[in-house]
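Structure first, then comments.
We count residues from 1, following the sequence as given.
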Amino acid sequence: MTHQPPIRIGVLGTHSTGKTTLLKRIQMQLRGRGLTVARTGRLAKRAAAIGLPKMRHHTAASTEWIITQGIADDIAAAAQGADVVLVDRASFDALAYYHAYYHAALEHRGEHSHRLERERLRLLASTQAPKYDLLLATVLDLTSNFSLDNAHCTGVRGRGTKWKGRPPSSTVSVP
C-alpha cells in the first residue's frame with residue numbers, strides 16, 4: 001500500500017492580515033468534506049519562548065531556527081497521515097522578516113549582512129517551495145479599520161490554481 005503525500009497549503013504575510021483566520025476557515029471547509037487536516041504554526045512565539053530574538057531584533061540564527069523548525073513541523077504534520085497540511089507562515093515568511101527587519105536595521109546603521117549568510121538562508125527556505133501545492137500571501141488592507149476580517153489574499157503560487165482578490169467574509173470555497 002503506497003501512501004500519498006499530503007496536499008500542502010502555506011500562507012505568508014505580516015501580522016494581523018488574517019493568515020490564521022484564513023487557515024481556520026480552510027480547515028473547516030476541508031474537514032467538512034471528510035478530509036483529515038494537520039496544521040503548523042506559532043513559530044515566533046515558540047522562538048521567543050526559548051530566548052531567540054524576533055521582529056526588529058531578528059538575527060540570522062533566529063531566522064534559521066524558524067525556517068528549520070517550520071520544516072520539522074511540516075514533516076511531523078505530514079507523518080500524521082493527514083490528507084492536507086496547512087502551514088501557518090511558510091518558510092519564505094521567516095526569510096522576508098529577516099530581510100525586512102534584520103537586514104534593514106544593519107543597512108540603517110551603515111553595516112551589511114554577509115552575502116553568504118543571506119544566500120544560505122535563501123537556499124534553505126527555497127528547498128521547501130516545491131513541497132507546496134498552494135502558497136497564499138496575505139496583506140494588510142490599509143483602507144480598512146485594520147480588523148482581521150479585512151485581510152485579503154493578493155498573491156498565489158500553486159499547481160494550476162489561481163485565486164486573487166478578497167476571500168468571502170464568511171466562507172472559503174475549496175474545490
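Side chain of R89 to backbone of G13: a donor-acceptor contact under 3.5 angstrom is found. Distance alone, capped at 3.5 Å, is enough to place a donor-acceptor pair between the R31 side chain and the V37 backbone.
Atoms CG and CD, from L95 and E64 in turn, are 12.0 Å apart once rounded to the nearest 0.5 Å. Here CG of D93 is found 8.5 Å from OG1 of T14. Values are rounded to the nearest 0.5 Å. Atom CG of D83 and atom CZ of R33 lie 13.0 Å apart (nearest 0.5 Å). Taking CG from L124 and CD1 from I67, the interatomic distance works out to 5.0 Å, rounded to the nearest 0.5 Å. The structure places OG1 of T20 at 6.5 Å from NZ of K24, a figure rounded to the nearest 0.5 Å. The structure places CG of D73 at 11.0 Å from CG of D88, a figure rounded to the nearest 0.5 Å.
In this structure, R46 places its CZ atom where more than 12 heavy-atom neighbours from other residues, nucleotides or ligands lie under 6.0 Å away.
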Discussion item. For a side chain to side chain contact (heavy atoms under 4.5 Å, CB included) check, start with the C-alpha distance between I26 and L136, then their side-chain angles and the critical distance, and finish with the verdict.
Written reply: CA-CA 12 Å; I26 292 171; L136 304 172; 4.1 Å; yes
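The two residues A82 and P6 make their nearest non-hydrogen contact at O-CB, 3.3 Å.
When the side chains of ILVMFWY residues are joined at heavy-atom separations under 4.5 Å, either directly or via intervening members, I50 and L43 end up in a single hydrophobic cluster.
Looking at K19 and L23, their side chains never come closer than 4.5 Å, going by heavy atoms from C-beta outward.
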